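Since the structure comes first, as C-alpha cells, the remarks are kept for the end.
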2 protein chains.
Amino acid sequence: MSSQSARSIASRQYPCEKCPLRPLPAFREFDKQELSFISTFKRGELAVDKGATVLVEGSHSAHLYTVLSGWAFRYKLLPDGRRQILNYSMPGDLIGLQGSLMGEMQHSVEALSPMLLCVFEREQLHELYRNYPGLAYDITWIASREERMLDENLLSIGRRTALERAAYLIAFIASRARGVGLNGKTPVRIPITQQHIADTLGLSLVHTNKTIRKLMDRKLVMWRDGGCEVIDYDGLKKLARWEGLGEERRPLI
Amino acid sequence: MSSQSARSIASRQYPCEKCPLRPLPAFREFDKQELSFISTFKRGELAVDKGATVLVEGSHSAHLYTVLSGWAFRYKLLPDGRRQILNYSMPGDLIGLQGSLMGEMQHSVEALSPMLLCVFEREQLHELYRNYPGLAYDITWIASREERMLDENLLSIGRRTALERAAYLIAFIASRARGVGLNGKTPVRIPITQQHIADTLGLSLVHTNKTIRKLMDRKLVMWRDGGCEVIDYDGLKKLARWEGLGEERRPLI
DNA sequence: CGGCAACTTGAATCAATTCAAGACACGTGG
DNA sequence: CCACGTGTCTTGAATTGATTCAAGTTGCCG
C-alpha cells in the first residue's frame, strides 16, 4: 500500500526511431512520417518506482503514457476500500487514454515494478486526429483491444470456477508478456503477489492461496522470488477452457 | 433461446437530418458537414425481432450499427454453454465497432426487444478517419465509454455483494435508459428476464431470484409484464454504493 | 385446454469467506 | 550481529453465501 508519487526524469534516452520495442514482431511497421510525428508527440520519459501511483482516479491528467519497460495494473476502489484490479499494463501498452478522452480518470494505475514511461501531451491528441488518420485509427484499435480484454476478464470472473479463473488469468498475462519478448532465456516471472491475483479474480486472499496451491500441485505454475512463473502454458489454457487471444501485429504509439 | 436470424427492411424511414434521437439532450450537436457525411455513411435500416441474433461471435461482419430503437445485449459463451452478459445496448449506442476494427467478432449480440438499427458499412470507416477527424475522435470516445462501463461492471461482479450487484445493475441500466428519454410518462420498463440478470451478475438463477426478491421487499424495484421497473433509483444507488455515471453530452454516429 | 417460459420456494450440498495463527524472508536500526 | 517489524505466503476451522436439486406456481399463446 505504499503510495509514493512517481519520480520524473526529464532526459530522453530513447528517440522513437531507436525505440527498443518497435522492432519486436508483436508490433506493426510504421512509416517515416508517422514515426517522426510520434517523435514530436513524445514529451520525454518518466521513471516510476515500484509501488508508485502513476494515475489516480478522479484526477485530470494532462498526459498519457506508453510503457517502455516494467509492469503496472489498473484498478478501481469501492468507498469502503474493496479493490478490483481491471487489467495489467506491460511494455507497448498505452496508459491513461480513457482519461485523456473523457477528461477525468475513472480508475487508478499503480506500478508493479520500476517502470519507464514515454510521456505524451493530451492536448496534442487533436492534432494527431487531424493530421494522421492512420494513427487515429490505431488509437481506436488500441481502445478496442482493451475492451476485448475486459470482455474476457468479465467472462472469467462471472462464469469460470475459481480454479479456471486463476488458470486463465495467469495464462492471459503470460501470453501477453511473451508477445512483447519478456521471456528472455528463462520463463517470464510475473511480478505480482497473491493479493493482486485475489483482487483481479474477485476472490479472497485465503481462497486464492488455496487455489494457486492446486495449480502448483498440478505443476502448472510456480511461485518464486515474490512472483509467478508459468510451467505449463498449454495446461493452463486447457484447464481454463481458454482459446488464447489470437493477436495479430498491433500498433505502438 | 430462440435464435432466429434478423429480418431486413431495405427502406430507410429516417434521414439522419430528421433522426429522432439527435435532438435529445444526451447527444452533442453535430455540424452540417458531419451530419451530411453520416447521412451518406448510413446504408439503410434493419429491423430485428425480439430474440434475434444481431451479430455472432466468430463472424466477420461487413457492417456496424447504431441502435435507433429497442434493446439488446452483448455476451460471450464458454465452450460448455455458460453465458456471461457483458453489457446492454440501447438507443444511440454503437453495435459491432469492436468487430469492425479487429476483424472477427469476439462476442455475440442478441435483441431483447424488437429493434430498429441504422446500418453502416465497415469499409467506409477508413474514409471517415481520413476526412472527418472530429468524428474519428468521437468513435474513439465511444469506445472509451464502453471501456468505462466494462470497468464498472468488472468492479461490480468482482467486489460487490450479490445484493449490491443487483442494485447496481438495475440502477445502471435505468440511468442509461433515462439518458435517452426512455421514461416517457411511466417509469422505464427494462425488458429483461431474471435469467439475463443472473448471467450479467455471475450468479445462478435461483440466487438471483432470491436477491431480486429482497430488492422488491425493500421497495426499490418492481417486476411487471416480464420486465423490471425502478421504484427508488436513489435507494438503489445508495445500496450499491454507486456514484452514477457522470455523463456529459455524447456523440451520436 | 395443453404446453411453454418465467418466476418462486425450500432443502441439501458445496464453495468461498472470515477468523486466527504461524512460518518465512528481508531490511533496518540498535 | 541480532532483534524487531513488516509484508507475503500458508493452513485449519467455523461460518456464511451461493449453487444445485426438486417442485410448484403463474400467465400467456395457440
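Here the structure is a predicted model, which is why all the values come from computation and not from measurement. All chains are named by letter (A, B, ...) in the order of the sequence lines, taking the proteins before the strands, and each is independently numbered beginning at 1.
If you check dT20(D), dT18(C), dC7(C) against the side chain of Asn209(B), the one that comes closest is dC7(C). The side chain of Trp223(A) lies closest to dC9(D), out of dC9(D), dT19(D), dT17(C). Listed nucleotides: dT8(C), dT10(D), dT17(C). Nearest to the side chain of Met216(A): dT10(D).
Under the side chain to side chain contact (heavy atoms under 4.5 Å, CB included) criterion, Ser108(B) pairs with Val56(B), Glu57(B), Tyr75(B), sequence neighbours left out. Listed by chain and residue number, His107(A) satisfy the side-chain hydrogen bond (donor to acceptor under 3.5 Å, both in side chains) test with Gln98(A) (two or more places apart in sequence, or in another chain). Checked against side-chain hydrogen bond (donor to acceptor under 3.5 Å, both in side chains), Asn153(A) has the following partners two or more places apart in sequence or in another chain: Tyr168(A). With sequence neighbours excluded, the residues that form a side-chain hydrogen bond (donor to acceptor under 3.5 Å, both in side chains) with Glu247(B) are Arg145(B).
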Output a table of donor-acceptor pairs, distance under 3.5 Å, between side-chain atoms of residues 212-230 of chain A and any protein atom two or more places apart or on a different chain; print 'none' if there are none.
from      : atom 1 : to        : atom 2 : distance (Å)
Arg224(A) : NH2    : Glu229(A) : OE2    : 3.1

Under 3.5 Å donor-acceptor pairs involving side-chain atoms of residues 60-67 of chain B, not counting sequence neighbours:
from     : atom 1 : to        : atom 2 : distance (Å)
Ser61(B) : OG     : His63(B)  : N      : 3.0
Ser61(B) : OG     : His63(B)  : O      : 3.0
Thr66(B) : OG1    : Ile253(B) : O      : 2.7

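Rounded to whole Å, the distance from CG on Leu205(B) to P on dT8(C) is 10 Å.
Near DNA chain C, meaning a heavy atom under 4.0 Å from it, residues 151-163 of chain B has no residue at all. Scanning residues 188-201 of chain A for heavy-atom distances under 4.0 Å to DNA chain D yields Thr193(A), Gln194(A).
A side-chain N or O of Glu146(A) and one of Asn87(A) form a donor-acceptor pair less than 3.5 Å apart.
Screening residues 188-200 of chain A for side chain to side chain donor-acceptor pair (under 3.5 Å), with sequence neighbours left out, gives Arg83(A)-Asp199(A), Tyr88(A)-Thr200(A), Thr193(A)-His196(A), Gln194(A)-Asn209(A), Gln195(A)-Asp199(A), Asp199(A)-Arg159(B). Pairs of residues two or more places apart, or lying in two chains, that qualify as salt bridge (charged side-chain N to carboxylate O under 4.0 Å, His left out) and include a residue from residues 231-244 of chain A are Glu164(A)-Arg241(A).
Each end of the helix from dC1(C)-dG30(D) to dG30(C)-dC1(D) gets its own axis from five base pairs, and the two axes differ in direction by 30°, given to 10 degrees.
Mapping Gly226(B) and Ser204(A) onto DNA chain C by nearest heavy atom places Gly226(B) at the nucleotide closer to the 5' end.
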Dump the pairs, protein N or O against N or O of nucleotides 21-27 of chain D, anything under 3.5 Å, distances to one decimal.
none

